[in-house]
Amino acid sequence: MMLVPAHHFRDIERKPEYLQPEQCIPPPDPGPVGTMWFIRDGCGIACAVVTWFLVLYAEFVVLFVMLIPSRDYIYSVINGVLFNLLAFLALASHCRAMLTDPGAVPKGNATKEFIESLQLKPGQVVYKCPKCCSIKPDRAHHCSVCKRCIRKMDHHCPWVNNCVGENNQKYFVLFTMYIALISLHALIMVGFHFLHCFEEDWTKCSSFSPPTTVILLILLCFEGLLFLIFTSVMFGTQVHSICTDETGIERLKRKHQPREHRGSWKAVEEAFGGPFSLNWFNPFSGPCHPAPLSDEDWVRQVADTNTETEEQSEDRKDEDSVEVTDE
């Protein structure tokens, strides 16, 4: 788990009654290892379905309007294999981004019994999210759609029906990259196809009628241009976030406050799954994280980093917390 200094955007009230652990229900039993993560959000599900539909539409136009009717066999094979490979990797990355736990904090563990069992030292501080009743680590934020606190949450993306966080940011980056690549590839093929059809008879350059062919190509052109711009911007934003070790939410909260960017190649390697290799581009290999900690271990680890001075605590105002003191 990535930990940062205490000044990172989390405010504090030093009154134990704010935590109200007696109002928390006991945490649910953890599900079996490998349990699928899926957010039941109508808007997100609809956006995910639209994403797949648009990729399949591009697949249809590329294959049945441009490549299969082409008399250049080598051109069709090379571009067909390349486009289908990129489309497969894009959809695989989309599935991994959508169905991977982005780094959810255990829900409902801010119970009185659990806090007492931690045996925290005097001066240590733990934080509770009042919305999901969880003790959460630094850099975790609550998502109103997922209804969970997510570690290193960057944003909630309806197109993948999930948050982009610590565990699935790699898949989201790959998804945006592969969508941008197939959009660019489709635009290039559309350009070549229009040139070919202008030079020859329109009835011979497609198995569809000329008006239908033009409409299908124009729609694909608009789709490709729109998604090329959108996903390229998202890809650049995510890579910048990884390189500077600052999430989108942290940038918004920082606003105009100066902050030293601590670019780290190690952070990039952790996000993409180790030293640079082809696995960086593989949606079936995960990010590089240390072995998962138990609830007690990671809460103690967070509490150790939150042993604060009064000067540090002046900047914290928006979260419930409790400090262990000598009595």
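At least one side-chain heavy atom of Phe272 sits less than 4.5 Å from a side-chain heavy atom of Val268. Between Lys128 and Cys133, the closest side-chain pair of non-hydrogen atoms falls below 4.5 Å. Put simply, the side chain of Met153 does not reach to within 4.5 Å of the side chain of Thr247, judged on heavy atoms. Put simply, the side chain of Leu220 reaches to within 4.5 Å of the side chain of Val62, judged on heavy atoms. Looking at Trp37 and Pro102, their side chains come closer than 4.5 Å, going by heavy atoms from C-beta outward. Taking 4.5 Å as the limit, every side-chain heavy atom of Met177 sits out of range of all side-chain heavy atoms of Thr231. Inter-residue side-chain proximity for Ile45 and Phe38 is flagged as met; some heavy-atom pair is nearer than 4.5 Å. You'll find the side chain of Arg139 reaches within 4.5 Å of the side chain of Glu250, heavy atoms only.
Judged by distance alone, the side chain of Asn161 and the main-chain N or O of Pro158 form no donor-acceptor pair under 3.5 Å. Between the side chain of Ser285 and the backbone N or O of Asn279 there is at least one donor-acceptor pair closer than 3.5 Å. Listed for the Asn162 side chain is a donor-acceptor partner under 3.5 Å among the backbone atoms of Ala97. The backbone N or O of Gly248 sits less than 3.5 Å from a side-chain atom of Asp154, completing a donor-acceptor pair. Of the possible polar contacts, none joining the Thr237 side chain to the Phe235 backbone as a donor-acceptor pair under 3.5 Å is found. In this structure a side-chain-to-backbone donor-acceptor pair under 3.5 Å is missing from Asp101 to Asn167. In this structure, the side chain of Ser76 engages the main chain of Leu67 through a donor-acceptor pair within 3.5 Å. Judged by distance alone, with hydrogens and angles left aside, the side-chain atoms of Lys170 form a donor-acceptor pair with the main-chain N or O of Asn282 at under 3.5 Å.
Ion pair Glu166/Lys152 not flagged as a salt bridge, since none of the NZ, NE, NH1 or NH2 atoms sits closer than 4.0 Å to an Asp/Glu carboxylate oxygen.
Not a single side-chain hydrogen bond (donor to acceptor under 3.5 Å, both in side chains) links Glu223 to another residue, sequence neighbours left out. Scanning for ring-ring contact (aromatic ring centres under 6.0 Å, His included) contacts around Tyr57 gives an empty result, with sequence neighbours left out. In this structure, Phe227 has no ring-ring contact (aromatic ring centres under 6.0 Å, His included) partners at least two apart in sequence or on a different chain. Gln169 meets the side-chain hydrogen bond (donor to acceptor under 3.5 Å, both in side chains) test with Gln238; sequence neighbours excluded. In this structure, the ring-ring contact (aromatic ring centres under 6.0 Å, His included) partners of Phe276, at least two apart in sequence or on a different chain, are Trp280. Applying the ring-ring contact (aromatic ring centres under 6.0 Å, His included) criterion to His155, with sequence neighbours excluded, gives Phe172.
For residues 66-75, every residue pair satisfying the side chain to side chain donor-acceptor pair (under 3.5 Å) rule, not counting sequence neighbours, is listed here: Arg71-Glu200. Sorted by first then second residue, the side chain to side chain donor-acceptor pair (under 3.5 Å) pairs that include residues 81-98, not counting sequence neighbours, are Trp52-His94, Glu59-Asn84, Arg96-Tyr171. Applying the side chain to side chain donor-acceptor pair (under 3.5 Å) test to pairs two or more places apart or on separate chains, those with a residue in residues 210-220 are Ser206-Thr213, Ser209-Thr212. Screening residues 37-57 for salt bridge (charged side-chain N to carboxylate O under 4.0 Å, His left out) gives no qualifying pairs among residues at least two apart or on separate chains. Sorted by first and then second residue, the ring pair (Phe, Tyr, Trp, His ring centres under 6.0 Å) pairs involving residues 177-196 (not counting sequence neighbours) are Phe83-His185.
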**Intermediate values then yes/no, side-chain hydrogen bond (donor to acceptor under 3.5 Å, both in side chains), Thr244 and Arg251** = CA-CA 11 Å; Thr244 58; Arg251 271 198 308 276; 5.0 Å; no
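Leu187 and Leu219 fall within a single hydrophobic cluster, where Ile, Leu, Val, Met, Phe, Trp and Tyr are joined by side-chain heavy atoms under 4.5 Å apart, directly or via other members. The cluster map of Ile, Leu, Val, Met, Phe, Trp and Tyr, joined by side-chain heavy atoms under 4.5 Å apart, puts Val214 and Phe222 in the same cluster. Cluster membership check: Val233 does not share its hydrophobic cluster with Ile182, using side-chain heavy-atom separations under 4.5 Å among Ile, Leu, Val, Met, Phe, Trp and Tyr. A single hydrophobic cluster is seen to contain both Leu63 and Ile188, as judged by linkage of ILVMFWY side chains at heavy-atom distances under 4.5 Å, directly or through other members. The cluster map of Ile, Leu, Val, Met, Phe, Trp and Tyr, joined by side-chain heavy atoms under 4.5 Å apart, puts Val173 and Phe284 in the same cluster.
Distance check: Ser232 OG to Ile179 CD1 gives 11.0 Å after rounding to the nearest 0.5 Å. Separating the CE atom in Met189 from the CG atom in Leu217 is a distance of 10.5 Å, to the nearest 0.5 Å. To the nearest 0.5 Å, the span separating CD on Glu269 from OG on Ser277 amounts to 10.0 Å. A distance of 8.0 Å separates OG of Ser144 from NE2 of His156, quoted to the nearest 0.5 Å. Atom CG of Leu216 and atom SG of Cys221 lie 13.0 Å apart (nearest 0.5 Å). To the nearest 0.5 Å, the span separating CG on Leu56 from CG on Leu91 amounts to 6.5 Å.
No more than 12 heavy atoms of other residues, nucleotides or ligands shown are found within 6.0 angstrom of CZ on Phe53.
Side-chain heavy-atom separations under 4.5 angstrom define the hydrophobic clusters, and the remaining members of the one that includes Ile78 are Ile74.
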